[in-house]
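Okay, so here's the structure we're looking at.
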Amino acid sequence: GSPTLRSMVMAADGSVWLGGNEGLIRGVPLPWVPLQQGGQTPLGLLARASTEEKVYALGEGGALFQYQSDGWMLQRILTDWPAVDFSPSNAIWLSEGQTWEDGRGDKAWLMVQHDRLHCVYKQQHRRYDLADGTLLSQVTIPALEPPSDRFVLTEDEELWGLCESGLYRLNETWEPIVPVGESGRDWVNVVLQTGPEEFWIGRETGGLLHMRSGERKEFGEADGIETANSINAACVMRNGDIWFGSNGSGLYRYDGESFTHFNKATGLQSNNVRSIYEARDGVIWVAYRGSGVSVNRFGRWLHYGTRHGLP
């Protein structure tokens, strides 16, 4: 079937890079050209490490790449990288991090923040310096119950865990933040931090939860959100608007007062949104599950798919 596109970034030369479960794809934006894998080539984008100035990707054996105008350049090999080959081929990539697999089915969670690469693998939390590739720290963390390979790193580098039993904060042991109710409606898919003590929580069912300074507010059907479909992507824009992506309901834009709903009936290519990105020119990009990408220019949705070179 069609590949799932999970992350995207615009480089300084204006090219847009997409990361998916079949490697990297480059567009300028036309035509889209898949990057051939094998040898010294990156396998997947490092989301949130990538900005217009610095676009990073990871390859085999801890190889760290940075994109320059003449292509991907191998920067360094991360020291003391786990002695396994990770692959994003069957990964679940969330906006707050990425999950890669080794060849035995074990998972590694990756996220970059403040020029640090965080890797959680087999209950070891490693922290790397992107500037020189050195291992800064390695600590053992307790296992979540039930086991999980999905985590969140807050702005002050507090590690949160997402699993079927809710959302937890690591403080020597895992402390519940949002436990799952009897209906399972609090199963957390995505966490977006928009302030020092402000978070938006997207769930499998039940809509959105907003937490700020200890106060919590639910957003659901009464606010125009279809709570039967999961919220699994979130992005805050330069103007302060927050966009949420749904698996089945399309997009929601929150302007601080109310939500605006976008779906196939109002111009989207698909209602199954996997990733949202705002480029430096203010253009909003949306990646779908198996349906290409869309871009919003001057309030109009334009679509790119197989006829533009996407696989």
Side-chain angles (χ1 to χ4, degrees), residues 47-48 91-99 107-114 116 118-127 137 139-223 225-236 242-247 252 254 256 259 275-276:
R48 291 188 64 173
I92 301 171
W93 290 29
L94 305 176
S95 59
E96 74 276 358
Q98 308 163 1
T99 304
K107 304 218 174 27
W109 174 84
L110 305 175
M111 179 174 172
V112 174
Q113 185 166 283
H114 307 313
R116 303 287 190 266
H118 294 256
C119 173
V120 177
Y121 177 64
K122 290 189 173 181
Q123 294 183 238
Q124 296 294 310
H125 180 191
R126 294 175 170 88
R127 218 167 39 102
S137 64
V139 297
T140 301
I141 62 174
L144 270 168
E145 292 297 338
S148 175
D149 48 58
R150 301 186 299 157
F151 299 91
V152 175
L153 201 66
T154 66
E155 291 178 356
D156 57 3
E157 296 197 344
E158 186 176 64
L159 190 66
W160 291 10
L162 295 72
C163 67
E164 294 181 20
S165 60
L167 178 65
Y168 293 80
R169 173 191 293 114
L170 182 60
N171 184 15
E172 295 187 356
T173 61
W174 291 106
E175 301 174 349
I177 302 173
V178 181
V180 169
E182 292 182 2
S183 65
R185 67 193 300 269
D186 291 326
W187 183 349
V188 173
N189 284 332
V190 63
V191 176
L192 176 68
Q193 185 169 8
T194 54
E197 296 183 35
E198 184 174 14
F199 299 87
W200 287 87
I201 314 295
R203 299 177 295 200
E204 184 69 16
T205 58
L208 286 162
L209 173 65
H210 181 223
M211 302 192 308
R212 181 168 56 191
S213 302
E215 297 184 357
R216 303 186 180 196
K217 183 177 180 180
E218 303 271 354
F219 292 91
E221 297 287 346
D223 306 288
I225 296 175
E226 298 176 1
T227 57
N229 293 322
S230 62
I231 302 293
N232 50 26
C235 182
V236 60
I242 306 174
W243 290 68
F244 300 96
S246 167
N247 186 29
Y252 300 97
Y254 182 66
F259 289 88
S275 184
I276 309 167

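This structure is a prediction, so every number in the text was calculated from the model and none was measured.
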Report yes if some heavy atom in the side chain of [X] is under 4.5 Å from a heavy atom in the side chain of [Y]; otherwise report no.
X      : Y      : answer
Val152 : Leu159 : no
Asp223 : Tyr254 : no
Ser230 : Val190 : no

Can you name the one residue among His125, Arg126, Arg127 that meets side-chain hydrogen bond (donor to acceptor under 3.5 Å, both in side chains) with His118?
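Testing each of His125, Arg126, Arg127 against His118, the sole residue satisfying side-chain hydrogen bond (donor to acceptor under 3.5 Å, both in side chains) is His125.
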To the nearest 0.5 Å, how far apart are [atom1] in [X] and [atom2] in [Y]?
X      : Y      : atom1 : atom2 : result
Gln193 : Glu158 : CD    : CD    : 9.5 Å
Asn189 : Asn247 : CG    : CG    : 9.0 Å
Arg150 : Lys107 : CZ    : NZ    : 11.5 Å
Leu192 : Ile242 : CG    : CD1   : 6.0 Å
Leu167 : Arg203 : CG    : CZ    : 11.0 Å
Phe244 : Leu208 : CZ    : CG    : 5.0 Å

Are any side-chain N or O atoms of [X] and backbone N or O atoms of [Y], one a donor and one an acceptor, separated by less than 3.5 Å?
X      : Y      : value
Gln113 : Thr154 : yes
Glu197 : Arg212 : no
Trp187 : Glu204 : no

Minimal non-hydrogen separation, [X] against [Y], with atom names:
X      : Y      : result
Glu226 : Tyr252 : N-OH, 3.0 Å
Tyr121 : Ala108 : CD1-CB, 3.8 Å
Ile201 : Met211 : CD1-CE, 4.2 Å
Arg169 : Ile177 : CB-CD1, 3.6 Å
Trp174 : Gly161 : CZ3-N, 3.4 Å
Gln124 : Thr140 : NE2-OG1, 2.8 Å

Using the side chain to side chain contact (heavy atoms under 4.5 Å, CB included) rule, take Trp160 and Phe199 through it: C-alpha gap first, then chi angles, then the decisive distance, then the call.
CA-CA 12 Å; Trp160 291 10; Phe199 299 87; 3.6 Å; yes
Is it the case that Glu215 and His210 place a side-chain donor and acceptor less than 3.5 Å from each other?
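No - no donor-acceptor pair under 3.5 Å links their side chains.
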Going by the angle between their ring planes, with limits at 30° and 60°, are Phe259 and Trp200 parallel, tilted or perpendicular?
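Geometry flag for Trp200 against Phe259: perpendicular rings.
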